[in-house]
Structures are given as structure tokens and as C-alpha cells.
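Heads up, the thing below is written out as C-alpha cells.
What's counted below: heavy atoms across the whole structure, side chains too, no hydrogens, waters or symmetry copies.
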Amino acid sequence: MPFGEQSERRSVSNEVISQPQGTANAVDQTKVYYDLHVFYYMWYGNPKFDNNYIHWDHVMVPHWDPKISASYPKGRHSPPEDIGSSFYPELGPYSSKDPEVLEEHMRQLRAAAIGVLVLSWYPPGTADENGESVENLVPLVLEAAHRYNIKVAFHIQPYKERDDRTLHDNIKYIIDNFGSHAAFYRYKTSTSKSLPLFYIYDSYLTPPESWANLLTVTGSHSVRNTAYDAVFIGLLVEEGHKHDILTAGFDGIYTYFASNGFSFGSSHQNWKTIKSFCDTNNLMFIPSVGPGYIDTSIRPWNNHNTRNRVNGKYYETALQAALTVRPEIVSITSFNEWHEGTQIEKAVPKKTATRLYLDYLPHQPDLYLVLTRKWAEHFNKEKEQWLM
């Protein structure tokens, strides 16, 4: 049993009320769990849909120290043979605008039993430094997700001059434009409110005093108890961030990074401490688990943060560590952050004249989807036990 012996402890009473085997399997492959969230990126482009490659041709980011930088490759990748990833997607270097890609992604999410897609989001007209604005894709993602019973939440990325005021505008914009869509994710709070949930990436870049204007009840332009109230999840990187997140008025903490040991927050051994801090202060703890990490195709000097997948063992270890702290929600880094090698999306073996890509062999391309579903079912059985 990769998940310890927990599943051996079944109470007799629970056994009696569990479904007969037949009916459980009938719904099995389409059921998704809304306590499983995955970080999703829609910044990819290719010539067919976007006139050129976007993101697959990522630059090799130079090291900040020129002495170190000098000994590493520079320039950018040249798709389709050479892409900015150590793995190669089954769909090839796809465009996020391709409706067939979007459909296939939803099929993969459903196969993995993931109920919430957390969309990496920039305000309209802005984008990450390697991408282009993709605001027009949000309705398409919502529509596709809805066909698969998947919900969509938003992962608000840092952009130039983001602060409590501009975030207030972003929240209004998102809720006004997408809040009434059937696929828009709402979280049921302990007080039975149904609120949107926002992950705020790199939240530590803004001082807690500024966030407090927006996120505390007494803030100068507070969203609390207004039409724009929501559950706000801040990013914990360093240990000290937990106090800042509390002062700022956030409702919870997530850890994002899939490299165990990379930061205080992403180190599995610290999750118990973080969870008890959250419990004491009425915050939600949403640990982030990942299948591995390798970003050397875009940061060639960063191999000390590489985490080998060990045929799925790394992922199962992270999932077990998350389960041990009894979280309400678990986040997965990521569905398709190919540059950092954290994807659970299907990958295939590939060798070109200049590149030998990593792959999921000896397993199938859907290994991480299969492991995610297995674990999602386990997580939800365990949850029933905690509640009893």
C-alpha cells in the first residue's frame, strides 16, 4: 500500500453503508472531486492558431551572476523539435486556443478525478513576460469545463504594480464577468456561504498592511460582506510569511512549489507545523503537491532544484504527506507547467537530433492521471473517516 496502512482501518458500520461494488464502479470514471484543485496554464501558442510558437520557444534565462551565466547555454528553444521543457507533451507543442486541446485537457482532468481547474490569470491586456494576453480564452475554458462537470477558479499572477487596489478591480472584473457561469467555482464556507476562491501568487510581494485594506473587515476598501467577498489564499514561501498572511486578512495558505525542500512552504516536513498554525488561527491550509520538478530547459543553472519523479514515487510521497495533515483541499502543481516539469498531463517519449526528452516509461503517458484518481478516491474515503 503506497498510502500507508490507513485503508486497513475500516469500521464495520462504515462497511455496511458503503455502496455495493457494482454501483461504485458504474460512476467511477466520471466522478470528479471538488476538493482537488490543479494549477492550469493557458499561455501556449503555435503557428496554426497564433501565427507563431508562444512559450514552447522559451528563452534560457541567464543566471543573475554573469560568471555563472557564462558557462550555460543562451538563446531560445526552436519548436517543434526543441521545446522549452524536459518532457514532451502527447499533444505536441499545442496552442491553448485549440478547442480540441481544451477538450482533451478536460478529458484528462476528468480521468484524474480533478474537480477544480485553477486558471493562471493576468488582467485583460496583460500577460507574463513570455506570453500574450489570453483573456478571450477564459469563457472557452469555462464552457469546456462545464461539459465535464469541472469548476474553474482563478490563480492571480503578479503583474506590474499589482496591489490591494488593483486586485480589488481584478476581483470585481472576474466576478462581474464570470461569477454567474455554471462552471465558476464557489467554495462552501463553514458559515454556509458560497464564495469564489482566489489563489494569489507571490502575495508576499505586497506588504500585509496593504492587503489588509482589502481583506480585513475594517479595511479602507474591504471586500468583506460585500458582493465581492471571496476566499483568498496567500502563498507561503518562507516561514515568516504565515504571520504576514494572517495580518493581511487572507483566509488561507497554499505552498505552490513542487520541489520538496526548495522553500519552507514546499517542504513536506513543515506541513504539520503550518497546518497547526492555520488551525489555531482559523485559516485554511491547502498544501500543493507535485509529481517532480525540472526546469533546466529554461533555467539551465538550476539543476539543484530538480526532483526526480522516480516512476511516480515522488508524487505518491507528496500526496501521502498532504493527506497526513488532513487538509480540506489539496492543490496539484501542476496540470501543464511544462517549463518546470511539474505537469501531470500526458507526455510521450521523444528523441530528436539534439534532444532526448524525459518520459513516463515504463509506465503509460497517463501515469500521473491514474495516480491522481487513485489518490483522490483514497483521500475522500479517508475524509469520511475523519468526519466520523
* Any I114 side-chain heavy atom under 4.5 Å of I150 side chain -> no
Have [X] and [Y] got a donor and an acceptor in their side chains that come within less than 3.5 Å?
X	Y	result
Y357	D359	no
W375	Q320	no
D50	S95	yes
D82	H77	yes
S85	S297	no
E337	Y40	no
W338	E345	yes
Y199	Q157	no

* When you look at NE2 of H181, are more than 12 heavy atoms from neighbouring residues, nucleotides or ligands closer to it than 6.0 Å? -> yes
* Are more than 12 heavy atoms from other residues, nucleotides or ligands located less than 6.0 Å from atom NZ of K74? ->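 Counting neighbours around NZ of K74, more than 12 heavy atoms of other residues, nucleotides or ligands fall under 6.0 Å, so yes.
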* Identify the residue among N303, N302, D295 that makes a side-chain hydrogen bond (donor to acceptor under 3.5 Å, both in side chains) with R299. =>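 Result for side-chain hydrogen bond (donor to acceptor under 3.5 Å, both in side chains) with R299: D295.
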* To do: Show your working on side chain to side chain donor-acceptor pair (under 3.5 Å) between E103 and Y148 and close with a plain yes or no.
  => CA-CA 9 Å; E103 200 72 18; Y148 289 81; 2.9 Å; yes
Using the rule that two of Ile, Leu, Val, Met, Phe, Trp, Tyr join whenever any of their side-chain heavy atoms come within less than 4.5 Å, decide whether [X] and [Y] are in one cluster.
X	Y	answer
I245	V217	no
V138	I54	no
V223	W121	yes
L119	Y173	yes
L137	L117	yes

* Asked: What pairs with T342 under side-chain hydrogen bond (donor to acceptor under 3.5 Å, both in side chains), at least two apart in sequence or on another chain?
  -> S334
* Asked: Excluding sequence neighbours, so at least two apart, what forms ring pair (Phe, Tyr, Trp, His ring centres under 6.0 Å) with Y228?
  ->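 With sequence neighbours excluded, Y228 shows a ring pair (Phe, Tyr, Trp, His ring centres under 6.0 Å) to no residue whatsoever.
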* Asked: Partners of Y360 by ring pair (Phe, Tyr, Trp, His ring centres under 6.0 Å), sequence neighbours excluded?
  -> F87, Y368
Has [X] got a side-chain atom pairing as donor or acceptor with [Y]'s backbone, closer than 3.5 angstrom?
X	Y	result
E328	D35	no
R224	D229	no
R186	A230	no
D128	G131	yes
S276	T273	yes
T255	S288	yes
S259	N305	yes

* Derivation of the ring-ring contact (aromatic ring centres under 6.0 Å, His included) call for Y122 and Y159 -> CA-CA 7 Å; Y122 292 85; Y159 50 84; 7.6 Å; no
Distance from [X] atom [atom1] to [Y] atom [atom2], nearest 0.5 Å?
X	Y	atom1	atom2	value
M42	H55	CE	NE2	11.5 Å
L283	I274	CG	CD1	11.5 Å
F264	L236	CZ	CG	7.0 Å

Between [X] and [Y], is NZ or CZ placed under 6.0 angstrom from the six-membered ring centre and within 45° of the ring axis?
X	Y	answer
K97	F49	no
K381	F379	no
K242	F277	yes

* Asked: Do E81 and K350 sit within salt-bridge range, that is, some charged N less than 4.0 Å from a carboxylate O?
  -> yes
Once the angle between the rings of [X] and [Y] is folded into 0 to 90°, is it parallel (under 30°), tilted (30 to 60°) or perpendicular (over 60°)?
X	Y	value
Y256	Y254	perpendicular
Y44	H339	tilted
F198	F154	tilted

Establish, yes or no, whether a centroid distance under 6.0 Å links the rings of [X] and [Y].
X	Y	answer
H268	W271	yes
H168	H221	yes
F232	F250	no
Y34	Y185	no
F335	H37	no

Closest approach of [X] and [Y], non-hydrogen atoms and distance?
X	Y	value
Y41	S96	O-OG, 4.2 Å
V61	H58	CG2-CE1, 4.2 Å
I83	P89	CD1-CD, 3.6 Å
S86	R355	CA-NH2, 4.0 Å
V289	A322	CG1-CB, 3.8 Å
P123	N170	CG-ND2, 3.8 Å

* **Stepwise salt bridge (Lys or Arg N to Asp or Glu O under 4.0 Å) test for R373 and E377** => CA-CA 6 Å; R373 170 169 287 274; E377 289 164 356; 3.1 Å; yes
* Asked: Under the salt bridge (Lys or Arg N to Asp or Glu O under 4.0 Å) criterion, do R76 and D57 qualify, and how do the steps go?
  -> CA-CA 6 Å; R76 46 187 339 121; D57 66 343; 3.6 Å; yes
* To do: Take E316 and K374, measure what salt bridge (Lys or Arg N to Asp or Glu O under 4.0 Å) needs, and give me the verdict at the end.
  => CA-CA 10 Å; E316 296 206 85; K374 177 178 83 163; 3.1 Å; yes
* Asked: So D279 and K275, salt bridge (Lys or Arg N to Asp or Glu O under 4.0 Å) or not? Walk me through it.
  -> CA-CA 6 Å; D279 288 348; K275 176 63 158 61; 3.1 Å; yes
* Evaluate side chain to side chain contact (heavy atoms under 4.5 Å, CB included) for H243 paired with L246, printing each intermediate quantity in order. => CA-CA 5 Å; H243 301 289; L246 187 61; 5.5 Å; no
